[in-house]
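Below: the structure, in structure tokens.
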Amino acid sequence: MTITIQDVKYSYPSHPERLVLDIPSWSISEEKKTFLYGPSGCGKSTLLSALSGLIKTTGNLMVFGQSLSDMSSEQRDIFRAKNIGFVFQQFNLISYLNAIDNIKLASGFGPNHRNETIEREIKILLDELNISEDEWSEPARNLSIGQQQRIAIARALINKPQLLIADEPTSSLDQVNRDIFMALLMSLVDQHKITLLLVSHDMSLAAHFNNIVSLDKINFAGKHS
Amino acid sequence: MFIRLATKSLLDRKGSVLVSLLAMSVSIFVLLGVEHIRQQTKENFSNTVSGVDLIVGARTGSVNLLLYSVFRVGNPTNNIRWETYQKVAASSKVDWAIPISLGDSHKGYRVLGTSSDYFKYFSYGDKRLLEFQNGRVFTDLFDVVLGSEVARKLNYRIGDQLVLAHGVAATSFSLHEDRPFEVVGILSPTGTPVDQTLHVSLGGIEAIHIDWQHGVRIPNASAPIDNFDDVDLQPKSITAFMLGLKEKMGTFRVQRGINNYKGEPLLAILPGVALSELWQMMGVLERTLLLVSLLVFLAACLGVSAMLLASIRERRNEIYLLRVIGAPPRFLFFLIELEAFFITLFGVILGSLLLMVALLFSRDYLVETFGLHINVSIFTGNSIYMIALVFIASFIVAALPSCISYLRASKGLD
């Protein structure tokens, strides 16, 4: 299993009485493409933070057989850099760095951070994602949203993660770019044999996935009362 | 990549960073400037006289004696008898003695009556003897040797004639017009009150005061004397004298002997000790200046800290992204510390350069106005120690935003 959750509960320190996550049981098997949907405020982003180890939950949260609940903060940071790639709706890149630096920065925290061929690998990846050479050295803020999203995929893949988490990655894209982005994402996920967890409220994307989950069905936070 | 991220991040916030950098540079300029000028002034001060073991004058305060005999500031309380001087100078423990007679001036510059031994034994700085830029030591009665500043400011050359004035006021109406002096020597610059002094022989001083009493010419005095060969020009009294001893070990014993001299009340001081006393009197001013410059620096540090704190809010998404790609909280801590370090580093470079340029351009002004010879090279052991403290202070002040960033990242709030 890629992800296994048992009795995971979480509430923010500012409102300890209000549970945001209350998931008795849930799992995702390897190389599955999971589409997670739900209304705003149902805990999607909190669940992604928990899966990436940015927040510590109670219960048992296992990713690739390792319990994030038992890891220290530092161990979770290393685990995240090594195993999980992220693509967001926006703020995917550091705006004042160019494409190469953004990707190199991410690789710096990964397992191959001393790899001398990293720059070559980055260029190959950018080539694969159809990003022209002129744009490699442009600060991210000068690129279109579509270009930024593709560079974000390259950044997410540079450390060869086993799990890719995408949080509303197409929300800022128009129809054409959204289709191009999804096609690219799916082909890369297949090619690199990565487990994909995509969160969106756009149900039209569901067709690309073989596992469709409503967060409402697995998260019981606020429902017991 | 860590350094690259910090520099690019700073460059991305050019406006606020530039203001912080300027504030830091100005504070470094003030801090190093005050410290450097203080240090150099102290050095100038202690360089004023060297190699003199004792200064002897009429009984007064040691600082007062030092001020009028070395710095030509203030007036002596009394004179000492010539016989007393001769008696002390003839002591077997004394190697050399330089008599000093003050009381006249020329266009605001003090006139020092002395013997030719003054040019042989008086030293300044690191026991440097006086050197002649032009000319020679006075030999005739009405010869005068000028300090470098007197010659430069009043535009005197060898062979020029000048008239001394009775008293030390900048503007005097009691002039010794009938007995002009001829410039026979101009000393090289020393950075000490010697530069602002006119040196004449004791005989010269006596000669111009024949027919004078209580600061004015005696009315109906006999006709001016043209030939002084038969006139006794030995002074009856002098203002003070400097002593060089044969054995330094015996300095305190000689000092005690002079202070207990029964013939007349005398005071013998060790120039080094009196200089320290004088400097201690200026300690309040020195500490106040340092405190003001420290407050300026503190304000600049707080400015940098405030800028970095504001940047954490601005960079919320960037910090979150860094956390997501695996940056540990300590990475964020050191990233903000590194940014503060860069601002401090460039502040130190810019502030130091500004100070050196300012010193370069104001060097002549400082010499002319205050008689201060300030070295343009500001990097001494003391200033490097101060720069190290600046970096430590900036690290401590930047720790606040760094810790906030660290704690927020640790708690998963960003």
Side-chain angles (χ1 to χ4, degrees), chain A residues 10 12-14 45-46 48-57 72-98 100-111 113-114 118-119 139-141 152 155-156 158-159 161 165 167, chain B residues 1-18 20-21 307-308 310-340 342-343 346 401-414:
Chain A
Y10 183 76
Y12 282 101
S14 53
S45 296
T46 310
L48 297 187
S49 291
L51 289 172
S52 59
L54 282 169
I55 55 173
K56 197 166 187 176
T57 61
S72 67
S73 169
E74 197 172 346
Q75 286 169 326
R76 292 200 305 272
D77 291 337
I78 295 167
F79 180 83
R80 181 168 62 251
K82 195 174 163 187
N83 297 293
I84 309 172
F86 289 87
V87 179
F88 302 105
Q89 175 188 349
Q90 54 184 352
F91 308 121
N92 265 304
L93 304 171
I94 292 177
S95 61
Y96 51 82
L97 294 183
N98 63 33
I100 291 179
D101 284 345
N102 261 291
I103 300 167
K104 208 188 266 182
L105 182 65
S107 79
F109 297 109
H113 64 278
R114 287 186 203 281
I118 199 73
E119 190 133 345
R141 69 159 70 90
R155 203 260 338 274
I158 192 66
N159 289 332
I165 293 176
D167 186 5
Chain B
M1 198 61 217
F2 181 58
I3 293 168
R4 195 175 168 82
L5 182 66
T7 47
K8 291 246 174 184
S9 164
L10 286 174
L11 287 172
D12 189 53
R13 290 173 285 131
K14 283 184 209 82
S16 55
V17 169
L18 195 67
S20 301
L21 180 63
M307 186 274 289
L308 291 171
S311 83
I312 293 174
R313 194 175 284 270
E314 273 172 42
R315 299 155 76 193
R316 210 181 167 85
N317 293 316
E318 179 188 323
I319 290 171
Y320 178 72
L321 188 64
L322 284 167
R323 289 287 293 135
V324 162
I325 62 175
R330 67 167 182 279
F331 179 90
L332 301 173
F333 179 92
F334 286 114
L335 180 66
I336 290 166
E337 281 288 1
L338 185 65
E339 289 182 6
F342 280 144
I343 292 172
F346 286 105
S402 304
C403 283
I404 289 173
S405 176
Y406 178 90
L407 291 172
R408 290 178 73 95
S410 300
K411 289 176 183 168
L413 297 176
D414 275 313

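The shown structure was predicted, so the numbers you read here are calculated from the model rather than taken from an experiment. In the text below, chain A, chain B and the rest are named by the order of the sequence lines, each starting its count at 1.
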Item to check | Pair A:Ser49-A:Tyr10, side-chain donor/acceptor within less than 3.5 Å | outcome: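 Side chains of A:Ser49 and A:Tyr10: no pair found under 3.5 Å.
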Checklist entry - Does a donor on one side chain sit under 3.5 Å from an acceptor on the other, for B:Ser311 and B:Glu314? => result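 Their side chains do not contain a donor-acceptor pair, so the 3.5 Å distance test is not met.
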Checklist entry - Any side-chain heavy atom of B:Ile325 within less than 4.5 Å of one from A:Asn159? => result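 No; the side chains remain at least 4.5 Å from each other.
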Checklist entry - Who wins among A:Leu105, A:Leu97, A:Leu93 for the most heavy-atom pairs under 4.5 Å with chain B? => result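 Result: the option with the highest number of such pairs is A:Leu105.
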Checklist entry - With a 4.5 angstrom heavy-atom cut-off, which part of B:Leu321 approaches chain A: side chain, backbone, both or neither? => result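 Contact with chain A is through the side chain of B:Leu321 alone.
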Checklist entry - For chain A, which residues from residues 330-339 of chain B lie under 4.5 Å away (heavy-atom distances)? => result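 Within residues 330-339 of chain B, near chain A: B:Arg330, B:Phe331.
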Next on the checklist: Please classify the contact between A:Phe88 and chain B as side chain, backbone, both or neither, with a heavy-atom cut-off of under 4.5 Å.
Outcome noted: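 Looking at A:Phe88, just its side chain touches chain B.
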Item to check | Proximity breakdown for A:Arg76 and chain B, heavy-atom pairs closer than 4.5 Å | outcome: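 The answer is neither part of A:Arg76.
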Next on the checklist: Just checking B:Leu11: does its CG atom have more than 12 heavy atoms from other residues, nucleotides or ligands closer to it than 6.0 angstrom?
Outcome noted: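 Check passes, neighbour count above 12.
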Checklist entry - Do other residues, nucleotides or ligands put more than 12 heavy atoms under 6.0 Å from A:Lys82 NZ? => result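 Atom NZ in A:Lys82 is not packed in, count stays at 12 or less.
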Next on the checklist: Applying side-chain hydrogen bond (donor to acceptor under 3.5 Å, both in side chains) to B:Ser9 and B:Arg315, what does each step give before you reach the verdict?
Outcome noted: CA-CA 10 Å; B:Ser9 164; B:Arg315 299 155 76 193; 3.0 Å; yes
Item to check | Heavy-atom closest contact (A:Pro139 atom, A:Tyr96 atom, distance) | outcome: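 It is CB-O, 4.3 Å.
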Next on the checklist: Tell me every residue that passes salt bridge (charged side-chain N to carboxylate O under 4.0 Å, His left out) with A:Asp167, counting only those two or more places apart in sequence or in another chain.
Outcome noted: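 Once residues adjacent in sequence are excluded, A:Asp167 has no partner under the salt bridge (charged side-chain N to carboxylate O under 4.0 Å, His left out) criterion.
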